[in-house]
Amino acid sequence: MLRCPDPSCNAAVGQDMINLLTSDEDSKKHSRYFIRSYIEDNRKTKWCPAPGCDYAVDFIVGSGSYDVTCRCAYSFCWNCTEEAHRPVDCGTVAKWILKNSAESENMNWILANSKPCPKCKRPIEKNQGCMHITCTPPCKFEFCWLCLGAWSDHGERTGGFYACNRYETAKQEGVYDETEKRREMAKNSLERYTHYYERWATNQSSRQKALADLQQMQNVHLEKLSDVQCQPESQLKFIIEAWLQIVECRRVLKWTYAYGFYLPEHEHAKRQFFEYVQGEAESGLERLHQCAEKELQIYLNAEGPSKDFNEFRTKLAGLTSVTRNYFENLVRALENGLSDVDSHGTCSRTSSSKSLGGGSSRARAGRGKGSTSRSSGPGRNIDDPGHWSCEHCTFANIKPATICAMCQQRR
């Protein structure tokens, strides 16, 4: 959109004139600004927010999801440019990120775990067992942790170093009711937040570790496994698919904890349903992760081809498929606000698994996975008497079947 600087001239300054009249450095700078202008003025393109990435992403309207993946492999939300966060909406993500970085949680911790010095009012944390507290210099005021009275008024007659009769008497009279109530509320709020944050952060670190393991598998281990097991790398893609699924499921599982934190406390049926399906998803993902991480090592460290490698292939591919189906349906259920629970008021564990399974046999596969660790023996029963759970891949098959529809193993 450059024009001749003479006010009376309307001639446009084109790329050919810029190349003719400017140095190579200025010409390259103009090209960079030209591309930047195009990207930032175009509603369908955005720069990838990944650190160090120079790619721009073109958004396909009508794709049904705001999650996009750049060529650098970074996935982010087109709407808010945070990392991809299905099944949580952008508003919840913004609140969660703000809460993780906000000073409010520090104040909650101070309120729950400290008391103000009666003299200088600075917050004090008790780091030993007795009730005799000495404030830090220059204050150095000595007081009782329970009643906040001067320690000079305390001694054996008030209960010694580990109790305070004055506090107990005043507490029975209701003197500390409001203060204790505020402290208890802050403590409960802090414990609840810590519960969800720790699990959110744990799944984030597990995802980062899985990403590193995926790169190691692609760059090093796949070639080694191909040599040891005498199989072409093209036939080992099921391992890469498993690791990609683990990475994606870790991301989804991470954000379900932010979802659970903001789920209203009074919606008991919905919360119970959510915690159950989240637990089922977590246990299924752990089985897949363990198979891809631990069991694969046996074949990597083998000295030659293993007879049961094809069985491992079938098992890992089956677990990948079952886990993918379960998580896809879990995401849809959470994005719909767990509407099945709203319509029925409550939801049994059996029906919840069917709604997530996306069909009778696949639905029971999700439920059967949870039953596996609690049952034993071949052809073990699951909740639905019309199905049996496969010993090898945990897929739920209809009762008349004698061969697993997922892994082709006999019952």
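Excluded from the calculations below are hydrogen atoms, water molecules and symmetry mates; all remaining heavy atoms, backbone and side chain alike, are included. All values reported here derive from a predicted model rather than from experimental measurement.
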Q | All pairs passing side chain to side chain donor-acceptor pair (under 3.5 Å) where residues 220-230 contributes a residue, at least two apart | A | Gln229-Ser306
Q. From Cys70 SG over to Asp58 CG, what is the distance, rounded to the nearest 0.5 angstrom?
A. 12.0 Å
(Q) Can you classify the ring geometry of Phe309 versus Phe312 as parallel (below 30°), tilted (30 to 60°) or perpendicular (above 60°)? (A) tilted
Q.
Closer than 4.0 angstrom, basic N to acidic O: yes or no for Lys315 and Glu295?
A. yes
**Q.** Residues that Phe274 engages under ring pair (Phe, Tyr, Trp, His ring centres under 6.0 Å), provided they are two or more places apart
**A.** Tyr259
(Q) Less than 4.5 Å apart, side chain to side chain, heavy atoms only: is that true for Ile18 and Val13? (A) yes
Q.
So, taking the atom named CG in Leu338 and the one named CG in Leu330, what distance separates them when rounded to the nearest 0.5 Å?
A. 8.5 Å
Q) Considering all heavy atoms of both residues, which atom of Phe261 and which atom of Arg192 are nearest to each other, and what is their separation? A) O-NH2, 2.6 Å
**Q.** side chain to side chain contact (heavy atoms under 4.5 Å, CB included) against Ser37, all qualifying residues, sequence neighbours excluded
**A.** Asp41
Identify every side-chain donor-acceptor pair in residues 235-245 under 3.5 Å, counting partners at least two apart or on other chains, and give the distances.
unit_1, atom_1, unit_2, atom_2, d
Gln245, OE1, Arg324, NE, 3.2

Q) In Å and rounded to the nearest 0.5 Å, what is the SG to CG distance from Cys249 to Leu288? A) 7.0 Å
Q. Okay, side chain of Ser283, backbone of Glu280: is any donor-acceptor separation there less than 3.5 Å?
A. yes
Q.
Please evaluate residues Arg36 and Trp47 with respect to the criterion side chain to side chain contact (heavy atoms under 4.5 Å, CB included), reporting the C-alpha separation (whole Å), side-chain torsions for both, the decisive distance (0.1 Å), and the verdict.
A. CA-CA 9 Å; Arg36 181 183 296 180; Trp47 294 109; 4.2 Å; yes
Q | Criterion side chain to side chain contact (heavy atoms under 4.5 Å, CB included) on Cys80 and His85, from CA distance to verdict | A | CA-CA 10 Å; Cys80 66; His85 52 72; 3.5 Å; yes
Q.
So for atom CG, which belongs to Asn219, do other residues, nucleotides or ligands contribute more than 12 heavy atoms lying within a distance under 6.0 Å?
A. yes
Q) Below 4.5 Å, heavy atoms only, C-beta onward: do Thr134 and Glu142 meet side chain to side chain? A) yes
Q. Is any NZ, NE, NH1 or NH2 atom of the basic residue among Lys28 and Asp24 found under 4.0 Å from an Asp or Glu carboxylate oxygen of the other?
A. no
Q) So which heavy atom on Phe76 is nearest to which on Thr81, and how close? A) CD1-CA, 4.1 Å
Q: Measure the shortest side-chain to side-chain distance between Cys135 and Ile124 over non-hydrogen atoms and say whether it is less than 4.5 angstrom.
A: yes
Q) Which is it for Val93 and Trp255 under the side chain to side chain contact (heavy atoms under 4.5 Å, CB included) test, yes or no, and what are the steps along the way? A) CA-CA 8 Å; Val93 171; Trp255 284 110; 3.9 Å; yes
Q. Heavy atoms, side chains only, cut-off 4.5 Å: are Tyr74 and Cys48 in contact?
A. yes
Q. Applying ring-ring contact (aromatic ring centres under 6.0 Å, His included), which residue pairs with at least one partner in residues 10-29 are found, sequence neighbours left out?
A. none
Q | Gln15 to Ser27 - nearest heavy-atom pair and separation | A | NE2-OG, 4.3 Å
Q) Is the closest side-chain heavy-atom distance between Arg43 and Phe59 below 4.5 Å? A) no
Q | Charged N-O contact under 4.0 Å between Glu83 and Lys254 | A | yes
Q.
If the condition is side chain to side chain donor-acceptor pair (under 3.5 Å), which residues does Tyr196 pass it with, not counting sequence neighbours?
A. Arg271
Q: Taking the side chain as every heavy atom from C-beta outward, state whether Gln290 and Leu319 have any pair of such atoms under 4.5 Å apart.
A: no
Q: May I ask you to say whether Arg332 pairs ionically with Glu335, meaning some side-chain N is under 4.0 Å from a carboxylate O?
A: no
Q. Does Thr92 offer a backbone N or O that forms a donor-acceptor pair with the side chain of Asp89 under 3.5 Å?
A. yes
Q. If we only count heavy atoms from C-beta on, is the Tyr262 to Val88 side-chain gap below 4.5 Å?
A. no
(Q) On a heavy-atom basis, which atom in His289 and which in Ala210 lie closest, and how many Å separate them? (A) CE1-CB, 4.4 Å
Q. So, does Arg199 use its side chain to make a donor-acceptor pair with the main chain of Leu253 at under 3.5 Å?
A. no
Q: Count the heavy atoms belonging to other residues, nucleotides or ligands that lie under 6.0 Å from OH of Tyr38, then report whether that count exceeds 12.
A: no
Q: Answer yes or no: is there a donor N or O on one side and an acceptor on the other, between the side chain of Thr45 and the main chain of Ile39, under 3.5 Å?
A: yes
Q. Rounded to the nearest 0.5 Å, how far apart are SG of Cys144 and CD1 of Ile133?
A. 8.5 Å
Q) Which value, rounded to the nearest 0.5 Å, describes the distance between Leu263 atom CG and Thr256 atom OG1? A) 11.5 Å
Q. Between Leu285 and Phe327, is any pair of side-chain heavy atoms under 4.5 Å apart?
A. yes
Q) Is the Trp96 ring parallel, tilted or perpendicular to the Tyr197 ring (thresholds 30°, 60°)? A) tilted
(Q) Main chain of Ala317, side chain of Ser321: is a donor-acceptor contact present, judged purely on distance under 3.5 Å? (A) no
Q.
What I want to find out is whether Glu286 reaches Arg250 closely enough, with some N-O distance under 4.0 Å, to be called a salt bridge.
A. yes
Q. So, for Cys90 and Asn79, which heavy atoms are closest and what is the spacing to 0.1 Å?
A. SG-ND2, 3.4 Å
(Q) Please determine whether side chain to side chain contact (heavy atoms under 4.5 Å, CB included) holds for the pair Val252 and Arg86, giving the CA-CA distance in whole Å, both sets of side-chain angles, and the decisive distance to 0.1 Å. (A) CA-CA 6 Å; Val252 171; Arg86 293 183 70 195; 5.8 Å; no
Q. Taking all atoms of both residues into account, what is the closest heavy-atom pair of Lys44 and Trp78, and its distance?
A. O-CH2, 3.2 Å
Q | Between OG on residue Ser31 and CG on residue Asp26, distance to nearest 0.5 Å | A | 11.0 Å
